[in-house]
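Order of the sequence lines fixes the chain letters, A, B, ..., with proteins taken first and strands second; residue numbering starts at 1 for each chain.
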Amino acid sequence: MSGALAEVSEVTKVYRTGGQEFPALSEVSLRLESGEFSMLAGPSGCGKTTLLSILGGVLRPTTGSVSVLGNDLSTMTERELEDYRLSTVGFIFQGHNLLACLTAEENVTVMLELRGTPRRRARERAREILRRVKLGGKEHKRPPDLSIGERQRVAVARALAGDPQLILADEPTASLDAANGTAVMAVLRELAKTEGKTVLTVTHDNRIFHLADRVLQMEDGRLLVSEEPL
Amino acid sequence: MRTALSLPIRRPAWPVRFLTMARVGWHLMTFNRLRLMATLLGVVFATILANQAIGTLLGLMDKFAMLERHANTDIWIVPKGTQVLNGGKTISLAAVLTARGMPDVALAMPMVLVGGNIKLPNGGAEPLQIVGTVGPEYLGGPWNLVAGDRRALAQADTVIIEDSQREEFGNVNLGSRREINEHLTTVAGFTYGLTGIGASFAFADYDYARELGKISPDQTNFGLIKVKPGADIGAVARQLAGRVPDATVLTTAELDAMMMNNLFRVTPIGIIFSALAAFGVLIGFIIVSLSIFSAVSDNLREFGTLKAVGARSLDLGLLLLAQAVAYGVLGSTIGLGVISALASVMSSGKMLILIQPWMIGATFALMTGMCCVASLISLLRLWRVEPGMVFR
Ligand SMILES: Nc1ncnc2c1ncn2[C@@H]1O[C@H](COP(=O)(O)OP(=O)(O)OP(=O)(O)O)[C@@H](O)[C@H]1O
Ligand SMILES: [Mg+2]
């Protein structure tokens, strides 16, 4: 269950806004193994989301290279990046970002349909995944009618739907209470351990660090020496 | 050199992608009922205004060309210099007889159109346009009778008048007697909707009308000709034109084109109603553009999310396209329903909003097109959505 899934080498990201340059990442190098569940922590503004975005192919590094499953993201065209995101990455956003107009089941189904799963099978699979995140019976509720914790679990279900190798989560538990937060993290950990997915999640919550295989600390756009869990 | 990518992905075929995005688009547009109604209102408004304007214009055109369009004839002989059928000038009756002698002619009849005055019981008078046609065929009218029978015109000193004018003529009934051009005349029937532009039409037997208009027996206003089945109307008209050099011979289509040309040239009604229709479409377009744009702006995060997870800009374009079609079709259906009801309520014997079958198809096409164009601005906005936004 090992071998590098993703390799980030000497990645630098400089944001340019209105003639001003802001270095958000400097020379970050990182290896993520298959089946690894790691956490990314650090003060606000240190570049965690930037690093996640680059790994997820929604942002390009200024210099350096990122390779996932042997594919070099820095040489991909926009279209290839879209294919990469759809096929390889599962995103969980802080604000869950579900479509409020769709039911929980439809939110998940759309992901699968985008990937070419026939509708009937997509719906079956969506229900199955929702049961897995303990949302059985709530398939037909829309996000506004779900609790915040339930919404985040729908977001997890959507991220899992396409069976991606790499799951990237940006503070998925920030808006959740301790119990719900731990529950979401437990699902993510189980994914890494039973299915060999690579999970990288940003968190501020040191109470759950113990769930991680590795906690990566960032500061000022740099990755500090990674530490093993306590 | 790049190594080949190994991405386990095959996007579905276009129709499937369209259906997927259409489903999302449908939920997006129906989720906010208020905005859905605002958008539909734009389409409905444009549909109603455009159809009302065009329908009224068509109604006016029909009234303007009423005698010619409803005469059920193939060829007209008219006095030289004729622009519209107003009966001011005459031609020789011999021209009609010449036509009657031609092998391909089935029927050739004269028609007179004379000004008249109907005296009212209260002492006043109302103007009329009296049409005289030859029975028993009565080529040229009357038509659309709601009471009486045109064969009654064979009886001496009778007319058929317009039903919607009964009150104006002093509560006329079947059998009522009124003085028309100083001749005591019996009302033998009623037509409905035969008010052209100007005074309404009344129909009389040819000789009686000629007498009322003081036209000499060897003269007439028009010749109406029906050709035999299978005969070439244009060829017959050209042949006849050569034989009656003192009059103008026109096919009904040519006459209609000439009258419409005259109508649009000498009056501004074409411009007025076209402008009104365009105005309606423009206002509708603005409403629809704004509400689609505001919907897209409000849902930017949703669209960004779809992009982040791998949907292409084109997929989002398909979503907007599906919405535009839905807005167009729904709005047209509602708008056409309203305008049909409105047309039947507003149309009377004197006024006509003509909704023709082609206008229904044209409305669907135009409104759907309008919604698609209105979506384009939003599409430009969507194209620039960067997927990275969803992490912020
Ligand atoms: N699009 C952008 N344009 C300019 N500067 C940006 C942009 N996005 C982020 N930054 C800056 O880059 C730095 C790193 O941002 P990033 O979002 O990666 O931090 P973070 O570690 O995720 O912070 P937080 O914990 O608050 O989410 C911040 O100082 C931020 O202001
Ligand atoms: Mg962040």
Looking at [X] and [Y], what are the two nearest heavy atoms and their distance?
X: A:R115; Y: B:P12; result: C-CD, 4.2 Å
X: A:A100; Y: B:E302; result: N-OE2, 4.1 Å
X: B:K307; Y: A:R85; result: O-NH2, 3.0 Å

CG of A:L98 to OG1 of B:T305: how many Å apart, nearest 0.5 Å?
-> 8.5 Å
Is B:Q356 atom CD crowded by more than 12 heavy atoms from other residues, nucleotides or ligands, each under 6.0 Å away?
-> yes
Is A:D220 atom CG crowded by more than 12 heavy atoms from other residues, nucleotides or ligands, each under 6.0 Å away?
-> no
When only pairs under 4.5 Å are counted, which of B:G304, B:G310, B:A13 shares the most heavy-atom pairs with chain A?
->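 Winner by heavy-atom pair count: B:G310.
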Close side-chain approach of A:P144 to B:F31, heavy-atom, < 4.5 Å =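 Yes, their side chains come closer than 4.5 Å.
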Identify which part of [X] has an atom lying under 4.5 Å from any heavy atom of chain A, answering side chain, backbone, both or neither.
X: B:D315; answer: side chain
X: B:R17; answer: neither
X: B:V309; answer: both

Which atoms of [X] are under 4.5 Å from chain B, going by heavy atoms: the side chain, the backbone, both sets, or neither?
X: A:A159; value: neither
X: A:R119; value: side chain
X: A:Y84; value: both
X: A:L81; value: neither

Run the side-chain donor-acceptor check on residues 21-30 of chain B: report pairs under 3.5 Å with partners two or more places apart or on a different chain.
unit_1 : atom_1 : unit_2 : atom_2 : d
B:R23  : NH1    : A:E113 : OE2    : 3.0
B:H27  : NE2    : A:E106 : OE2    : 3.3
B:T30  : OG1    : B:W26  : O      : 2.7
B:T30  : OG1    : B:H27  : O      : 3.4

Of all residues at least two apart in sequence or in a different chain, which pass the salt bridge (Lys or Arg N to Asp or Glu O under 4.0 Å) check with A:E105?
->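 Result, salt bridge (Lys or Arg N to Asp or Glu O under 4.0 Å) vs A:E105: A:R123, A:R127.
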Trace of the salt bridge (Lys or Arg N to Asp or Glu O under 4.0 Å) decision for A:D83 with B:R10 | CA-CA 9 Å; A:D83 284 348; B:R10 239 185 79 221; over 6 Å; no
A:N97 backbone acceptor or donor facing B:R301 side chain under 3.5 Å =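 Looks like no, no N/O pair under 3.5 Å.
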